[in-house]
S.K.: 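Structure provided below as structure tokens; questions to follow.
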Amino acid sequence: MQAWDTMVVTLAMLMPGTVDAKIFERCDLAMELEEAGLNGFKGYTIGDWLCMAHYESGFDTSFVDHNPDGSSAYGIFQLSSAWWWDNGVTPTQNLCHMECHELFNCHILDDIMCAKQIVSSQNGMNTWDSWSQHCSGHDLSEWLKGCHVYAKPYTTEINS
């Protein structure tokens, strides 16, 4: 019976976060990413971000992936609890100073701020295996087709 009580409490804690979840349409997400300053950030285009988010979560803010080490990856960018946020269960670096419920809602500015921090690290977007496998070195212009968002050309200038 105690396991059942624990499960009910866990689900009750997660429900408020999932009620506000959203599966973004590609162009809507492109606009959000551009408004948040990701177009050209550290040399990556909106196409890079769309491609990565598609392969990580299908643009779903409520997507969760549980890893063999007990950590979890949550949200539209699949941010890992091992490094970037606190799930309250497994040890974490919590480098983005976030809790898991902040990754489930349709307000993704906090997710974007964390993703900017990740991309600013030495691995850049290579932090996401899906980006390395599906997006890096590919023509990403199709991701922007019909969105009225245009890829900024790569510059050597470091954006903040």
S.K.: Donor-acceptor pair, distance only, cut-off 3.5 Å: does the side chain of E32 make one with the backbone of L109?
M.R.: no

S.K.: Would you indicate whether E25, at its atom CD, is surrounded by more than 12 heavy atoms from other residues, nucleotides or ligands within a distance under 6.0 Å?
M.R.: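 It does not: E25 CD has 12 such atoms or fewer within range.
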
S.K.: Going through the distances and angles, do Y74 and T61 end up as a side chain to side chain contact (heavy atoms under 4.5 Å, CB included)?
M.R.: CA-CA 8 Å; Y74 283 26; T61 64; over 6 Å; no

S.K.: For the residue pair V119 and W49, establish whether any side-chain heavy-atom pair is separated by less than 4.5 Å.
M.R.: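 Of all side-chain heavy-atom pairs linking W49 with V119, at least one is under 4.5 Å.
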
S.K.: Is it the case that the side chains of S62 and D60 hold a donor-acceptor pair, with the cut-off being a distance below 3.5 Å and no angle test?
M.R.: yes

S.K.: Kindly indicate whether the side chain of N39, heavy atoms from C-beta on, has any atom under 4.5 Å from the side chain of L33.
M.R.: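 SC-SC contact between N39 and L33 ruled out.
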
S.K.: Drop me the distance from M52's CE to D129's CG, to the nearest 0.5 angstrom.
M.R.: 12.0 Å

S.K.: When you compare the side chains of D48 and T45, does any donor N or O come within less than 3.5 Å of an acceptor on the partner?
M.R.: yes

S.K.: Can L79 and W128 be said to form a side chain to side chain contact (heavy atoms under 4.5 Å, CB included), step by step?
M.R.: CA-CA 9 Å; L79 306 174; W128 288 278; 4.1 Å; yes

S.K.: Using 0.5 Å steps for rounding, measure from the CG atom of D111 to the CD atom of Q78.
M.R.: 10.5 Å

S.K.: Below 3.5 Å, can you tabulate the donor-acceptor pairs from side chains in residues 139-147 to any protein atom, sequence neighbours excluded?
M.R.:
| unit_1 | atom_1 | unit_2 | atom_2 | d |
| --- | --- | --- | --- | --- |
| D139 | OD1 | S141 | N | 3.0 |
| D139 | OD1 | S141 | OG | 2.8 |
| D139 | OD2 | S141 | OG | 3.3 |
| E142 | OE2 | K145 | NZ | 3.1 |

S.K.: I112, F63: one ILVMFWY side-chain cluster at the under-4.5 Å cut-off?
M.R.: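 No: no chain of side-chain contacts under 4.5 Å links I112 to F63.
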
S.K.: Quick check for you: to the nearest 0.5 Å, what is the distance between L50 atom CG and L38 atom CG?
M.R.: 10.0 Å

S.K.: Could you tell me whether the side chain of S71 and the main chain of N67 form a donor-acceptor pair under 3.5 Å?
M.R.: no

S.K.: Evaluate the criterion ring pair (Phe, Tyr, Trp, His ring centres under 6.0 Å) for residue pair W131 and F77; output intermediate values, then yes/no.
M.R.: CA-CA 11 Å; W131 181 82; F77 300 125; over 10 Å; no

S.K.: Checking side chain to side chain contact (heavy atoms under 4.5 Å, CB included) for the pair I76/E56: CA distance, chi angles, key distance, verdict?
M.R.: CA-CA 7 Å; I76 199 160; E56 287 292 329; over 6 Å; no

S.K.: Could you state the interatomic distance from CG (D65) to OG (S57), rounded to the nearest 0.5 Å?
M.R.: 11.0 Å

S.K.: Could you tell me which residues satisfy ring-ring contact (aromatic ring centres under 6.0 Å, His included) with H134, sequence neighbours excluded, listed by chain and number?
M.R.: Y55

S.K.: How would you list all residue pairs meeting disulfide (SG to SG under 2.5 Å) that involve residues 42-78, not counting sequence neighbours?
M.R.: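 Disulfide (SG to SG under 2.5 Å) check on residues 42-78 returns C51-C135.
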
S.K.: How many angstroms lie between atom OG of S81 and atom NE2 of H66, to the nearest 0.5 angstrom?
M.R.: 9.5 Å

S.K.: To the nearest 0.5 Å, what is the distance between CG (L29) and CD (E34)?
M.R.: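 The CG atom of L29 sits 11.5 Å away from the CD atom of E34.
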
S.K.: Measure the shortest side-chain to side-chain distance between C114 and D110 over non-hydrogen atoms and say whether it is less than 4.5 angstrom.
M.R.: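 Side-chain contact under 4.5 Å: no.
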
S.K.: Do you reckon M125 sits in the same ILVMFWY cluster as I108, going by side-chain contacts under 4.5 Å, direct or chained?
M.R.: yes

